[in-house]
Amino acid sequence: FYPYERLLPASQGGSVVIAAKYQGRFLLLKQFRHAIREYQYGFIRGFGEKGLSTYENALKEMKEEVGGVICSPMHYLGEISADSGIIACKTAVYYAELESFCQTGIHEGIKDLLLVDDEQMKTMISSNLITDGFTLAAFSLLSHHNFRPIKEFTDYFRRKLDCPVA
């Protein structure tokens with residue numbers, strides 16, 4: 001027999017990643033990640049917290065990590081499994097436009113905040129400067145999303161594949 005290691009969440013669901021933009025540029029955190037013992041660039045993210053919806057948790061994480069204030073309601077983009085080999089929950093992905101932010105997450109291991117445009121983001125990814133699975137998956141999801149409701153997308157693809165629409 002072989003051991004099967006995985007991380008079980010303390011609370012069900014609620015983990016989030018937020019692709020946030022300020023004045024048209026992505027906000028990246030340079031944050032120390034203990035598991036790999038190095039800094040990584042990535043989007044705001046956090047584990048779920050009991051009693052909070054993913055939307056509420058996303059707002060909480062933005063406030064804790066970057067003092068973020070949003071301009072308008074966030075867009076829900078869907079769910080990702082950034083590391084389905086070990087993490088036993090899916091992560092909700094949101095897109096937010098920030099009115100303001102500041103560096104508040106020193107206790108969260110955040111060393112710096114960086115604003116990058118879409119082309120710089122792609123260059124950082126192709127240059128292997130962004131390696132965080134949550135950020136890569138969220139950016140991919142955002143890159144292919146046009147903010148129509150998820151059910152509308154699902155129904156559209158079911159019709160394309162000749163599947164019954166729920």
Side-chain angles (χ1 to χ4, degrees), residues 1-22 26-115 121 130-155 166:
F1 292 99
Y2 298 96
Y4 181 75
E5 297 173 350
R6 65 185 184 276
L7 301 176
L8 299 174
S11 64
Q12 291 296 83
S15 64
V16 295
V17 60
I18 306 104
K21 279 190 170 183
Y22 175 74
F26 286 104
L27 176 63
L28 294 175
L29 288 62
K30 184 175 185 180
Q31 190 169 22
F32 190 77
R33 295 295 178 190
H34 291 281
I36 61 172
R37 306 301 301 158
E38 63 186 46
Y39 283 93
Q40 274 190 315
Y41 286 105
F43 289 146
I44 300 162
R45 64 179 164 107
F47 287 111
E49 197 166 303
K50 191 173 184 171
L52 294 182
S53 68
T54 57
Y55 192 92
E56 293 166 329
N57 193 41
L59 290 173
K60 177 188 74 72
E61 289 296 333
M62 276 195 297
K63 184 62 87 179
E64 285 178 1
E65 294 190 0
V66 298
V69 177
I70 57 174
C71 300
S72 57
M74 292 183 293
H75 294 277
Y76 174 74
L77 302 178
E79 289 183 327
I80 59 172
S81 298
D83 186 352
S84 60
I86 195 162
I87 299 173
C89 67
K90 292 186 179 178
T91 300
V93 180
Y94 287 93
Y95 170 74
E97 293 186 12
L98 296 176
E99 182 177 298
S100 63
F101 69 92
C102 60
Q103 189 159 349
T104 61
I106 303 299
H107 65 282
E108 302 257 356
I110 299 168
K111 182 177 185 176
D112 199 11
L113 302 176
L114 182 66
L115 290 172
M121 184 78 177
I130 296 176
T131 57
D132 174 58
F134 291 93
T135 300
L136 294 169
F139 182 72
S140 178
L141 191 58
L142 177 62
S143 298
H144 296 91
H145 208 285
N146 66 3
F147 301 122
R148 290 193 304 175
I150 296 298
K151 184 174 180 351
E152 190 176 332
F153 270 118
T154 304
D155 290 350

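All heavy atoms count here, side chains included; hydrogens, waters and symmetry mates do not.
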Visitor: How close do Val17 and Thr91 get, counting heavy atoms only, and between which atoms?
Guide: N-CG2, 3.7 Å

Visitor: Side-chain contact test, heavy atoms from C-beta onward, threshold under 4.5 Å: evaluate it for Leu52 versus Leu59 and give yes or no.
Guide: no

Visitor: At what distance, to the nearest 0.5 angstrom, does CZ of Phe32 lie from CD of Gln40?
Guide: 10.5 Å

Visitor: Show the nearest heavy-atom pair for residues Thr54 and Val16, with the distance to one decimal.
Guide: O-CG1, 3.3 Å

Visitor: Under a 3.5 Å distance rule, please check whether Gln31 uses its side chain to pair with a backbone N or O of Glu108 as donor and acceptor.
Guide: yes

Visitor: Compare every heavy atom of Ile80 with every heavy atom of Ala137, then report the nearest pair and how far apart it is.
Guide: CB-CD1, 3.7 Å

Visitor: With rounding to the nearest 0.5 Å, note down the distance linking OG in Ser15 to NZ in Lys90.
Guide: 11.5 Å

Visitor: Does the pair Tyr95 and Lys21 meet the rule for a side-chain contact (heavy atoms from CB on, under 4.5 Å), with working shown?
Guide: CA-CA 8 Å; Tyr95 170 74; Lys21 279 190 170 183; 3.5 Å; yes

Visitor: Just jot down the side chain to side chain donor-acceptor pair (under 3.5 Å) partners of Ser140, sequence neighbours excluded, or say none.
Guide: none

Visitor: Is any side-chain heavy atom of Leu98 less than 4.5 Å from a side-chain heavy atom of Ile70?
Guide: yes

Visitor: Is any side-chain heavy atom of Ile110 closer than 4.5 Å to one of Glu65?
Guide: yes

Visitor: Please walk me through it: do Leu113 and Leu29 pass side-chain contact (heavy atoms from CB on, under 4.5 Å)?
Guide: CA-CA 5 Å; Leu113 302 176; Leu29 288 62; 3.9 Å; yes

Visitor: Specify the closest pair of heavy atoms between Gly42 and Thr135, including all atoms of both residues, with the distance to one decimal.
Guide: CA-OG1, 3.1 Å

Visitor: Run the numbers on Thr131 and Ile36 for side-chain contact (heavy atoms from CB on, under 4.5 Å), then give the verdict.
Guide: CA-CA 11 Å; Thr131 57; Ile36 61 172; 5.6 Å; no

Visitor: State, to 0.1 Å, how close Ile18 and Ala96 come at their nearest heavy-atom pair, and which atoms those are.
Guide: CG2-CB, 3.9 Å

Visitor: Is there a side-chain contact (heavy atoms from CB on, under 4.5 Å) between Leu142 and Val93? Walk through the geometry before answering.
Guide: CA-CA 9 Å; Leu142 177 62; Val93 180; over 6 Å; no

Visitor: Under 3.5 Å, is there a donor-acceptor pair between the side chain of Tyr55 and the main chain of Met74?
Guide: yes

Visitor: Looking only at non-hydrogen atoms, find the nearest pair between Ile44 and Ala20 and report the distance.
Guide: CD1-CB, 4.3 Å

Visitor: Rounded to the nearest 0.5 Å, how far apart are CD of Glu61 and OH of Tyr94?
Guide: 12.5 Å

Visitor: Hey, would you say the Phe134 and Phe43 ring centroids sit under 6.0 Å apart?
Guide: no

Visitor: Under 4.0 Å between a side-chain nitrogen and a carboxylate oxygen: does that hold for Arg33 and Asp132?
Guide: no

Visitor: Calculate, to the nearest 0.5 Å, the distance between atoms CG and CE belonging to Leu114 and Met121 respectively.
Guide: 10.0 Å

